Structures are given as C-alpha cells and as structure tokens.
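Reviewing the structure listed below.
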Number of protein chains: 2
Amino acid sequence: MEGLMTGTGVPKHVQVREYVRGLLRDAEPGTAAPSERELVHQFHVARMTVRQAMDALVGEGLLERIPGRGTFVAQPRRDVGRLLSYSEEMAARGLLAESQTLLARREQAGPGVARALGVTPGDAVIHWKRLRRADGLPMCLEDAYLNEVLLPGFLQSGMPTSLYDALDSRGLRPTWAEDSIAADIAGQQEAELLEVAQGSPVLRQSRRAIAEEKVVEVSRSVYRADRFTWWVQLGEDH
Amino acid sequence: MEGLMTGTGVPKHVQVREYVRGLLRDAEPGTAAPSERELVHQFHVARMTVRQAMDALVGEGLLERIPGRGTFVAQPRRDVGRLLSYSEEMAARGLLAESQTLLARREQAGPGVARALGVTPGDAVIHWKRLRRADGLPMCLEDAYLNEVLLPGFLQSGMPTSLYDALDSRGLRPTWAEDSIAADIAGQQEAELLEVAQGSPVLRQSRRAIAEEKVVEVSRSVYRADRFTWWVQLGEDH
DNA sequence: TAGTGGTCTAGACCACTAT
DNA sequence: TAGTGGTCTAGACCACTAG
C-alpha cells in the first residue's frame, strides 16, 4: 500500500508519475504498467489525475497505451544524437582519451569569436588549445573559445580533464550544437602535432555548443582521417 | 461563433485543437491564444476538454503556457537536423542540383548490402549510381541500394529526379538516418568523375535511411571537399 | 463479461499576474 | 479585483480486447 505525501506542495499527479516511473525502472519493454483504475484505488485520486501522470510518461516515450489492453513499457526511442564529450566519444569507440593543453589563457574576444559566442568584441573569453590523444596516439587538435562570463574562475580552478563535465558541474552541459564538417589536408604544423605526413587527409569540425539557450563554447577541431570517423543520427523519432 | 461538428466521430478535443492551430497559423511568436475559459464558452465543452486540446499543442512546441498570464505562440523550436534530400541540401546552399545516372538496375543483395538493408542475401535490391552536380559542376558520387520489396516497379516507373520525393509519394519518406562521415583522398576513377586532381581531399558519407521503421536506402557518397561542407544540428531541444 | 484506455462533464480551489 | 493557467474531484458512456 502506497500513500501520497501531503503538505509538501508536490502535486499528486507528479507523485503518481514518479511512483510509476520507479516501479518500471529496469522493466523490460512490454511490461504492463498498473492500470489507471488500479492507481485510482491505490492513491485515492481521480482518474484524470492518474491520466495526467500517465500522459507525461507516454509523452516521454517511456510508456505506450494500447486501447482495450492496457499501458505498457515502450520500446526505447532511438537516441537522437546526444551530445558527447571527446572522452565519451572515445570511450564509445573503446579508446582511452587523453588531453594535453597547448594554450589556456584569458583573451579579449575578436570580432569573429565575439559574434560566434554571442558576446561583445573585447569581452573576456577563455582560449583553450589542446592536443587530444586516443590510446596514446594523436587524434585531434582542438581550438576552443569559452564564454568567460558564464564560467567565472574557470582558468583559476585548474583545467578539468573533460570540458563538458566541468560545464555540467556548473549546470551548463551543452545539450545542443551546430556543427560543420569538412574534409581537408593537414597543414604543416597540424601534421607535426598530429604526427602524420603533410598532405594527409583530415576532418575539420567547427562547433557552436549551446546550453540553457546560451552559447558556451565555439571550437574548431582537426581530426586525423585515418583514425576518426564521425557518426551522426539525423531526423526525428516517432 | 464557431461550432463543433457532430456525428462525425471526431473527438471534440481534436476539433478544438485544430481550430486553435488554424487560428494561430502564421501568427508571430508571443501572440496570445484564446484563454481556456474563452474556448469553453465558445465551444460549450468542459475545461478539461479544452486543456486536452491545448496540451497537445504545447507538447508540439506550438504553444507555451505562462501561469497567471495566458497561453502564447512559442518561439519556434530549433529544427533538429531534418533529413534533407540532395536537391534540398543544394537548394539550401543556393545551388541548382542535377543528377546523372551512371547505373540503375535490379540486383541480388550481397551479404553486406543485405545486412545493411535488413533483407536476406539474394533478395532483390535496386542498385543506383549517380553523379550529382551543383550549378553544373560535379559535387558528389552516390552509390545507393534500395529495398526493392518496398518499392515495386520503381525501376520501371522511370527514375525520379529526387529519390526522397519518390519515396515520399509512396509514404516512405525517410525521417531518420544513421550517417558516418570520414575524410579521405579521391581515388583515380572518383577523381576523374568529380573532375578533381587525384589525391584531392573528399568527404565520404555512408547512410542508412529509415522510414516507417524500415531501412529503405543504404548508400555511400563521395563529396568534393572543396565544394561541400556538411552541417549538422545535434542534441535535443527544450 | 470484465477490464482497459479514450472521451467528456460541471463544477471546485489555488497561486499568480495585471490593472 | 478580475482573469489566467495549475490542480483536482467523482462521476459517466464509449469502443475495444480478452477469456
């Protein structure tokens, strides 16, 4: 027998929703959820209240309603290209990510960087260049600018291993990015740092990463084409 | 004064929803929607019915509720990388897309193509190779396999200009794709067809395009790096 | 036939916003 | 103070599914 918390100000439909979510955590797709009337009796609430709770879970894609049958755990949706950090990208490939800082300092934004970051030219930005390795071998050169207004004390706090983890801890984990991807040939300095022959093919990525409606990072990365293939999922799921 | 259709079997909340949608078509973000009680009086329905209609529009991202203020047309959501056809991709760049078929025939699926398309080796597939141009100049070589079971009479019906339009007309417009993107150097034959020097950088794209939960197309494309940059939006919107 | 989700009613009280 | 959306009740009838 379950009861609802009272006096906490938490709406009943939220409590019912979270109860059902907890109930079905780790449940296989196809598992039956409690029926709406069952929850009505259990929590002594109106059916519309239960429906509001279930509606939310259906909207999330966790549950699926089948008229006349019941409500069931849905097949998990395809994961629409979640934004991965470099470490996560490499981990997904079974590679160990490492990073070597080439430059990290406070600068004044030039016109191009300012426009991309959505700040005023002259505003303080963090300029961070890294050579990124995977399983010990060079993989990528990254040249990033961060909006320093959003990240006070970032340089002083000691550079983090994962930028996205650091942003996450400030509630600024990027959930959206606009990328451009192009093929090119490595320049001389790039070739040296990436330890490839000059004229080797590379993948150039430009990124604008957005968190909480604000641009937190703009970057240009150069990946060794012989070590890196980019995977993307496009479109909308049903 | 609006009225609801009766006897059509169309739920009231659907009719209210579509009425509001029509009312706000072409409305600027920030425009106020009718209040819930206003719609209650207008259509002589219960408020829960109106809320059900509005809930759907809020879920779609068309409307936004502001407690104590009202309901308003929301800022349009960022467009999560809608799947564009080649013609659409080029049009978005202000280029005119053309296509020259190099090969188009029925084949038996080999093991690799069969696995990618989700058919049995030996099943009939459509093999279609094209040289794609933009503003008259070579842009891309595409080598595609289509699931012929889903596309009966496709080859006989005359090859369409746009594959995605042709799929669309059969209700099989891909809404989802898994792409891989890599940088490479053009091979000899590729270089000739694309009219670039051998050793020029190219972008290689592999695609699995899915419509209605079925794989309809798998393809490999080679883009001239000097003419093509790929744009992607990643992540989930709020 | 019993149970399910889908739809719908006619109210109610609340916190909040704007005037 | 009047109006808004947020929450909630205690029922109802329907079409559909399953045993």
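None of these values were measured; they are calculated from a predicted model. Lettering follows sequence order; numbering is per chain, from 1.
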**Q.** DNA chain D: 5'-proximal contact among A:Val45 and B:Glu38 (nearest heavy atom)
**A.**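 So the residue in question is B:Glu38.
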Q: Report the residues that fulfil side-chain contact (heavy atoms from CB on, under 4.5 Å) with B:Glu88, sequence neighbours left out, ordered by chain and then residue number.
A: B:Arg82, B:Leu84, B:Ser85, B:Arg173
Q.
Going by the rule side-chain contact (heavy atoms from CB on, under 4.5 Å), which residues pair with B:Leu23 if we only count those two or more places apart in sequence or in a different chain?
A.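 side-chain contact (heavy atoms from CB on, under 4.5 Å) check on B:Leu23 returns B:Tyr19, B:Pro34.
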Sequence neighbours left out, what passes side-chain hydrogen bond (donor to acceptor under 3.5 Å, both in side chains) with [X]? Give chain and number order.
{"X": "A:Tyr164", "answer": "A:Arg207, A:Glu217"}
{"X": "A:Ser221", "answer": "none"}
{"X": "B:Arg51", "answer": "B:Glu36"}

Q) Could you write out DNA chain D as a dot-bracket string, with dots for unpaired bases, | for bases paired across to another strand, and Watson-Crick or G-U pairs counted at under 3.5 Å? A) ||||||||||||||||||.
Q) How close do A:Val216 and A:Pro174 get, heavy atom to heavy atom, and via which atoms? A) CG2-CG, 4.0 Å
Enumerate the residue pairs fulfilling salt bridge (Lys or Arg N to Asp or Glu O under 4.0 Å) with a member in [range], sequence neighbours excluded, ordered by first and then second residue.
{"range": "residues 112-121 of chain A", "result": "none"}
{"range": "residues 153-170 of chain A", "result": "none"}
{"range": "residues 25-34 of chain B", "result": "none"}

Q.
What range of DNA chain C does chain A touch, first nucleotide to last, counting atoms under 4.0 Å from its heavy atoms?
A.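 Extent of the interface on DNA chain C: C:dG3 to C:dC8.
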Q | For DNA chain D, the residues among residues 66-74 of chain A that have a non-hydrogen atom under 4.0 Å from it | A | A:Pro67, A:Gly68, A:Arg69
Q. Start at the 5' end of DNA chain C and walk down; is the nucleotide closest to B:Ala46 or to B:Arg37 reached first?
A. B:Ala46
Q: Could I get the full list of ring pair (Phe, Tyr, Trp, His ring centres under 6.0 Å) partners for A:His127, not counting sequence neighbours?
A: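 Testing A:His127 for ring pair (Phe, Tyr, Trp, His ring centres under 6.0 Å), a comparison that skips the adjacent residues, returns A:Tyr145.
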